[in-house]
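All remarks here apply to the structure that follows.
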Number of protein chains: 2
Amino acid sequence: MTYRRRQTVRDLRRGNRSALLRHLYFEGPLSRQELGRDTGLSAGSISNVIGELVADGLVEEAGAVESDGGRPRTLLKIAAGHGYLVGVDVGETRVRVALFDLALTELAATDHPLSDSGHDVGHVVQLILDGLAAVLRDTGADQDRVLGVGVGVPGIVEQGGDLVVHGQTIDWESVPLGRLLRTGTELPLHIDNGAKTLGQAEMWFGAGRGAKHAVIALIGSGVGACVIADGTPYRGAASSAGEWGHTTLQVGGRRCRCGARGCLEAYVGAEAMLERWDAAPPGLSEQEGLAALLGAAERDPAADALLSETAEYLGAGIADLINLFNPERIIIGGWAGLMIGPRLLPAACEAAAEYALHYPFTQTSIELGMLGPDAVTVGAATLPLARFLDSGGSP
Amino acid sequence: MTYRRRQTVRDLRRGNRSALLRHLYFEGPLSRQELGRDTGLSAGSISNVIGELVADGLVEEAGAVESDGGRPRTLLKIAAGHGYLVGVDVGETRVRVALFDLALTELAATDHPLSDSGHDVGHVVQLILDGLAAVLRDTGADQDRVLGVGVGVPGIVEQGGDLVVHGQTIDWESVPLGRLLRTGTELPLHIDNGAKTLGQAEMWFGAGRGAKHAVIALIGSGVGACVIADGTPYRGAASSAGEWGHTTLQVGGRRCRCGARGCLEAYVGAEAMLERWDAAPPGLSEQEGLAALLGAAERDPAADALLSETAEYLGAGIADLINLFNPERIIIGGWAGLMIGPRLLPAACEAAAEYALHYPFTQTSIELGMLGPDAVTVGAATLPLARFLDSGGSP
DNA sequence: AGCGTTAAATCACGACTTGAAGAAAGTGAC
DNA sequence: GTCACTTTCTTCAAGTCGTGATTTAACGCT
């Protein structure tokens, strides 16, 4: 039902520019020769397009490599300094703004904790705009060379026009964050769910490298997921796909904070695990509490049983992902996921093997994430970068 | 991570041909004028490409319509007689082969029941090839004008090379059906899961028309689903995505025929429902049994409770689909689904509202399918048709 | 210095879309 | 019946693009 709608001979050029740029970005320095081999373009076209890219300053030479006996091939790479990217992480406890170059090395960052004043929208917007100004000032970067700003937020983001955010956990109801931010900056704006940006980061630079179909499961206080279908994040009709945490694992089961019963999140998130632990020491943060639980499981049978049960639920949840999405890789991330992963993953894998269909299970590898929660910022910066690469460098 | 790989100026033409062909196919007779407006191509190109298509016999004129005062516009449509399509349904109980024209009107069909001899591979292959020969003979259709053969099978199909089928329910283990069929015919071959072909048919001609993101849930003896993401069926890494029936709804719950516990299919499929019905009359077929159960629920509280429970499980399963895929539409199909739908859907929707997240639930409509099980054949014929349209008519 | 080898640049050619200008096919007024 | 007008469709010059063959560049080896 989707009508392709491609046109002029000019789009062709843009497409090929994009392909070259992308390939060069991910496969590091390459010669024109290798680019031709990999992309299928003729040597003539490569020469032509690369010449243009070099003239535009997007690509630069990166030394040469001998070629047994003949003219050495000159290597090419993306000019990391050609532009800047801004990544913003609006987390549950802080707002972090970072400036990157095109190679996504961090040049400067600011970090503001969100105190009990909570997530007042005006305040958060101000923090973002201030952070943006600060990182630009600190590095002396020229505003005109910032390719775009990516923002990761804890909530569902309606893509399009105003970039409206629905963030249940931070009490944001239909906040037109895009419109609000545009009052303070004219830079191109991208906003997405923080879990999705983290997933994107894992795909590009972490445990997801090379996979086409993957699910990045994010376990923190609650549980979320980022589904990668055919190399790109899957959003669904209203950008809320991948709400794995509220998958039902127990009809009529334990009450979840979303109001339903028997959700995965009612058993597996840090919050739920601590609530289920009768002997939880009072007054600890979730991080400390979870660490205590893991420690206690060494000697306390009740705590150990709790972890075993959690592993079974996690495994069943993973099995659902396998059955429904058939990914080649499932990556467990999020601060709690990374914490409980080493302890629970073997048992969870066993459970997943039982609950999933045999054939797709054998096709899936289950791994721990490689990037910590800080990667949300990198992932956010990934959004304008993706646009940059897709468009073949703006024009 | 996916490197676009587009090339020559010739692909452009193919793309535009395809866009025109597709648009003409789905939006019925249109004038060149309207085609230009809808696809964005210039009048010159339209004229050029359409001229080619008419010369190739893919498109033909379909009358004219006056235009207040000026030259009347001539309407164009796909030439339904330009080629033939074959659809094959390898079901659990029969093998059906049908010949269609390009408009997917059925020209001839054969239907062979599969007796207890079961699904012996050689036998099935022979039935397909015989059926193919028969429909060609009956209609006098020229073999050279058959664009391709689509086959729907009950099992997972590895796309690529040999088109290997893994069909647990019919005892097919790694059957290279593609290779086997190619010994008897040289027509282009497409094989896919029967649930997916039925889903495709619903999307093109049934309850799914116009949706970009949808899930077609198929309830028969067991339970399956066809996930449509961005207008095309989502397969996952190994073509086994959408195994909704084995989603876990009850950790440690009822044993399912797949070996796991608490699967949706252990509660909602026809087989499971009858097994759970203590008062099931013996000796009935599943169809008759299910009808009896629905009848008994009018007066027997136990049967009524069984149906209510089933509705809750179905609702929870639907909620999982909503949370994970965020579709705009969920379509309940399959013979059992169509049978129990009118009775269970209201209660199931209520349950889904409870188990799903509020925001995506409000974005989703839940409907009954419009096509019966016979549509598997049409859906199968859809496979070569899709290829025909994508390629802009073979060349 | 000359030869062989490999990498990159150049250029004629064919294919493509566009946009403007022209041809076709009607209506309606005189 | 003719002429002006409107709308649709076709034709054609102009500009762009990728290819593939040919040149030019850059190096090692003898």
Side-chain angles (χ1 to χ4, degrees), chain A residues 4-21 23-24 29-56 59-77 392-393 395, chain B residues 4-21 23-24 29-56 59-77 392-393 395:
Chain A
R4 267 196 233 156
R5 188 195 219 269
R6 201 154 281 117
Q7 289 183 324
T8 145
V9 71
R10 216 143 186 171
D11 296 328
L12 224 170
R13 173 64 136 228
R14 186 171 17 249
N16 284 338
R17 251 179 88 117
S18 167
L20 250 41
L21 215 52
H23 198 71
L24 218 42
L30 288 169
S31 70
R32 294 165 167 74
Q33 196 77 185
E34 295 162 308
L35 278 170
R37 175 168 42 70
D38 296 349
T39 61
L41 266 73
S42 74
S45 294
I46 300 277
S47 209
N48 190 336
V49 177
I50 289 289
E52 215 175 272
L53 288 171
V54 170
D56 290 354
V59 167
E60 58 191 14
E61 301 201 345
V65 84
E66 64 178 14
S67 66
D68 32 31
R71 173 176 177 173
R73 51 190 104 171
T74 56
L75 294 179
L76 299 162
K77 66 173 184 193
Chain B
R4 266 196 233 156
R5 188 194 217 271
R6 202 152 283 120
Q7 288 182 325
T8 144
V9 71
R10 214 148 185 167
D11 296 327
L12 225 168
R13 171 65 137 231
R14 183 167 24 244
N16 285 338
R17 250 180 90 117
S18 167
L20 251 40
L21 215 52
H23 199 71
L24 219 42
L30 288 169
S31 71
R32 294 165 226 259
Q33 195 79 183
E34 296 163 308
L35 278 171
R37 176 168 41 71
D38 295 350
T39 62
L41 264 72
S42 73
S45 294
I46 300 277
S47 206
N48 190 338
V49 176
I50 289 289
E52 215 177 271
L53 287 171
V54 171
D56 291 355
V59 167
E60 59 192 15
E61 301 200 345
V65 85
E66 63 179 14
S67 65
D68 34 27
R71 173 175 177 176
R73 51 193 103 172
T74 56
L75 294 179
L76 300 162
K77 66 172 184 193

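The sequence lines fix the lettering, A, B, ..., with proteins before strands; numbering per chain opens at 1.
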Between A:Ile50 (CD1) and C:dT10 (C1'), how many Å, whole number? 17 Å

Does C:dC16 have OP1 or OP2 sitting under 4.0 Å from an N or O in the side chain of A:Arg10? no

Quick one, A:Leu12 and B:Val9 - any side-chain contact, counting heavy atoms below 4.5 Å? yes

Across all chains, not counting sequence neighbours, the side-chain contact (heavy atoms from CB on, under 4.5 Å) partners of A:Val65 are A:Arg73

What's the CG-C1' distance between B:Leu76 and D:dT8, to the nearest Å? 12 Å

Can you tell me how far the CG atom of B:Asp11 sits from the OG atom of B:Ser18, to the nearest 0.5 Å? 11.5 Å

Degree of bending, the helix from C:dA1-D:dT30 to C:dC30-D:dG1 (end axes from five pairs; round to 10°): 20°

Validation row: B:Glu60, B:Val54 side chains within 4.5 angstrom (heavy atoms): no

Give the intermediate values and the outcome of side-chain contact (heavy atoms from CB on, under 4.5 Å) for residues A:Leu24 and A:Leu21. CA-CA 5 Å; A:Leu24 218 42; A:Leu21 215 52; 5.6 Å; no

Atom CD of A:Glu61 to atom C1' of C:dA8: distance rounded to whole Å? 11 Å

If only side-chain N and O atoms of B:Thr74 are considered, is one of them under 4.0 Å from the OP1 or OP2 phosphate oxygen of D:dC9? yes

Give a yes or no answer on whether the side chain of A:Ser47 reaches the backbone of A:Ala43 with a donor-acceptor pair at less than 3.5 Å. no

Is there any protein nitrogen or oxygen under 3.5 Å from a nitrogen or oxygen in nucleotides 2-4 of chain C, and what are the pairs?
{"from": "C:dG4", "atom 1": "N2", "to": "A:Gly69", "atom 2": "O", "distance (Å)": "3.1"}

Rounded distance in Å - CZ (B:Arg73) to C1' (C:dA24): 16 Å

Just to verify, what does A:Ala62 make a side-chain contact (heavy atoms from CB on, under 4.5 Å) with, not counting sequence neighbours? A:Leu75, A:Lys77

As an exercise, state the distance from CD1 of A:Ile46 to CG of A:Leu76, rounded to the nearest 0.5 Å. 9.5 Å

Which residues pass the salt bridge (Lys or Arg N to Asp or Glu O under 4.0 Å) test with B:Glu61, sequence neighbours left out? B:Arg32

Under 3.5 Å, is there an N or O donor on one side and an acceptor on the other linking the side chain of A:Arg71 and the base of C:dA7? yes

Could you pull out the protein-nucleic contacts involving nucleotides 1-4 of chain D (nitrogen or oxygen on both sides, under 3.5 Å)?
none

Separation of A:Arg17 atom CZ from D:dG18 atom P, in whole Å? 11 Å

Which distance, rounded to the nearest 0.5 Å, do you find between the CG of B:Leu35 and the OG of B:Ser45? 12.5 Å

Return the CG to CG distance between A:Asn48 and A:Leu41, rounded to the nearest 0.5 Å. 10.0 Å

Please report, rounded to the nearest Å, how far the C1' atom of D:dC9 is from the CG atom of B:Leu75. 14 Å

Quick one: side-chain contact (heavy atoms from CB on, under 4.5 Å) partners of A:Gln33, sequence neighbours excluded? A:Ser31

How many whole angstroms separate atom CD of B:Glu34 from atom C1' of D:dT7? 13 Å

Could you work out, with side-chain hydrogen bond (donor to acceptor under 3.5 Å, both in side chains) as the rule, every residue matching A:Glu52, not counting sequence neighbours? A:Arg13, A:Arg17

B:Gln33 side chain N/O closer than 4.0 Å to the phosphate oxygens (OP1, OP2) of D:dC9? yes

N/O-N/O pairs, protein side and nucleotides 17-20 of chain C side, under 3.5 Å:
{"from": "C:dT17", "atom 1": "OP1", "to": "B:Asn16", "atom 2": "ND2", "distance (Å)": "2.9"}
{"from": "C:dT17", "atom 1": "OP2", "to": "B:Arg13", "atom 2": "NH1", "distance (Å)": "2.5"}
{"from": "C:dT18", "atom 1": "OP2", "to": "B:Ser42", "atom 2": "N", "distance (Å)": "3.1"}
{"from": "C:dT18", "atom 1": "OP2", "to": "B:Ser42", "atom 2": "OG", "distance (Å)": "2.9"}
{"from": "C:dT18", "atom 1": "OP2", "to": "B:Ser45", "atom 2": "OG", "distance (Å)": "2.9"}

Give the C-alpha distance, both sets of side-chain angles, the deciding distance and a yes or no for side-chain contact (heavy atoms from CB on, under 4.5 Å) between A:Thr39 and A:Leu20. CA-CA 7 Å; A:Thr39 61; A:Leu20 250 41; 3.7 Å; yes

